[in-house]
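Everything on this sheet refers to the single structure shown next.
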Amino acid sequence: MEIKKVKRSEDYSGWYNNLVKNADLAEHSDVKGCMIIKPYGYAIWEKMQAELDRRFKETGHQNAYFPLFIPKSFFTKEASHVDGFAKECAVVTHYRLKVDPITKEIVVDPDAKLEEELIVRPTSETIIWNTYRSWIQSYRDLPILLNQWANVVRWEMRTRLFLRTTEFLWQEGHTAHATADEAIAETKQMLEVYADFAENILAVPVIKGIKSANERFAGAIDTYCIEGLMQDGKALQMGTSHFLGQNFAKAFDVKYVTKENTKEYVWATSWGVSTRLMGALIMSHSDDEGLVLPPRLAPIQVVIVPISRKPEEKELVMEKANHYFQLLKKQGVLVKLDDRDHLSPGFKFADYELKGVPVRIAIGPRDVQNETVEVARRDTKEKQVMSAADLEHKIPHLLEQIQANIYQRALDYRSEHIHAVNTWDEFMDALDNKTGFVSAHWDGSSETEEKIKEMSKATIRCIPLDNPQEFGKCILTGNDSKERVLFARAY
RNA sequence: CGGGGUGUAGCGUAGCCUGGUAUCGCGCCACAUUUGGGAUGUGGAGGUCGUAGGUUCGAAUCCUGCCACCCCGACCA
């Protein structure tokens, strides 16, 4: 296959699109804004799901499933929620097609108009809280700790593979609590779960923070988030966890009876991450040779490529290769033996690099003779000849090293791309020339934030949770500020 | 939705300005030789040139509409 190569440094979007296609992760479908996630890409998503799902369950959550369709009337109940999502809703208005008697074409049957339109869910707060009303009577019914894995639809104007598609896959947690404190603790707990997942599994360092009012989720009191930094210096919101207060309980009249026999509105949270994480993964680690996968997410962690010239060599090589394959498999390593003999080793090397397989083991006649193998790691492209006897214990260790190295590299990159500035000129210089996060004072008003966005195209990504108190002057207005916030240009 | 660009075989493309039914590479199929960084040879299959109209004896090529996708904005996870 002749592969079009695009350099990351020359055309970042082109590089990204090319990589998604060449690594066999996904492709554009014939449906506008919707993508087809291919088996290899989906395998990575499944690993993300498994890791997240395990963490959700460890923190006491259960999975459930709610309808894809939401009656329009539900949507109108929470005012700011409608405002936030109205512009991007797909709406079902009819339930039947028919053959037009004149043109013989299949058309929407005008007689099959729905009494009430159905919204294809952009998020499920409304239908879930409508359901919670009937589930919750007493404090004994609380908390409810649910998650659902689902697809949602947001009719965005412009889409990008994985980062923003019309339909996307995600999980959304929806919890109900008796007290504000408990709900806030839940919100923060899930933020920690996301951060832990991002850093330890995706190997993407993230900044935990809280959103400014402008960037808050529609219907939330507070939105917590994790923000990652991509290799082009742009920030990416990788997950959000919302404290919804009693907004949805009030909108859907969800009350519970306390121990003291009083009625109170229920407190809510919601939290989600999506297939956008695939985009974060790709844009955090990959290079001009293709995808770079952290071992903990790689569907194939180690690939064995046998090399042989003559049939009698092939037999010996394959025998050894099979042996190593079994050995590593027993160690719990996700190993693949690529014995396709119509493809040359060189082709396979390049192909597995494109797909980001963390470790490649090549074994040829020379190795059989010396009881060695050639081990190449994807992250650094280093190759070493390893004694075959060491494979069993060294490979699992090497995988962990690669995981750590990828994370460290991303962390170093981020550290080099957080700049503290004190003036407007420094601010613009940092955004334009240094790229990345810019830590600056802001007077706390939405108007100022809006103005800065207009002038610089940078938004407040978050107010970091571990932010030190530091008094200063807003970079735009010169007004007093009590802490720095993180700005960046973002996806 | 505004600005720019692209659409020709599974992929990447030439041809378009100056109309005459399509070029090349990769891939695919068969056979042989090969295999330590994207193998080679020989033979073969594969195309309503995005789509609908128009101009013309004749359209991939000229004109008009539409659609899709990509990039840059606005919007957003």
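Chain A is the first sequence line, chain B the second, and so forth, proteins listed ahead of strands; every chain is numbered from 1.
- Which of C69(B), C72(B), G36(B) sits closest to the side chain of Ser13(A) comes down to C72(B).
- Taken together, the paired segments of RNA chain B that extend over three or more consecutive Watson-Crick or G-U pairs, each closer than 3.5 Å at both contacts, are B:1-7 with B:67-73, B:10-12 with B:24-26, B:28-33 with B:39-44, B:50-54 with B:62-66.
- Close to A68(B), at under 4.0 Å from its OP1 or OP2, lies no side-chain N or O of His28(A).
- Not counting sequence neighbours, the partners of Lys57(A) by the side-chain contact (heavy atoms from CB on, under 4.5 Å) test are Asp53(A), Asn63(A).
- Closest to the Ser274(A) side chain, of the nucleotides A77(B), G12(B), G36(B), is A77(B).
- Arg160(A) comes within 4.0 angstrom of the backbone, heavy atoms only, and of no base.
- Proximity note for Asp367(A) (side chain, C-beta onward) versus G12(B), C75(B), G36(B): the nearest is G36(B).
- Checking Thr459(A) against Arg461(A) by side-chain atom types alone, a donor-acceptor pair falls below 3.5 Å.
- Cation-pi geometry between Arg160(A) and Tyr16(A) is met: the NZ or CZ atom falls under 6.0 Å from the ring centre, inside 45° of the normal.
- Nearest to the side chain of Glu353(A), among G37(B), G36(B), C71(B), sits G37(B).
- Place Lys453(A) and Thr159(A) on RNA chain B by their nearest nucleotides, and Thr159(A) ends up nearer the 5' end.
- Cation-pi contact between Arg154(A) and Phe168(A): absent, since separation from the ring centre below 6.0 Å together with deviation from the ring axis within 45° is not met.
- The base of G36(B) is not paired with the side chain of Lys348(A) by any donor and acceptor separated by under 3.5 Å.
- Close to A39(B), at under 4.0 Å from its OP1 or OP2, lies a side-chain N or O of Ser344(A).
- Side-chain contact, Ser80(A) with Glu78(A): a donor N or O sits under 3.5 Å from an acceptor N or O.
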Check your understanding: In B/S/- notation, 5' to 3', how is nucleotides 1-9 of chain B contacted by protein heavy atoms closer than 4.0 Å?
Key -> ---------

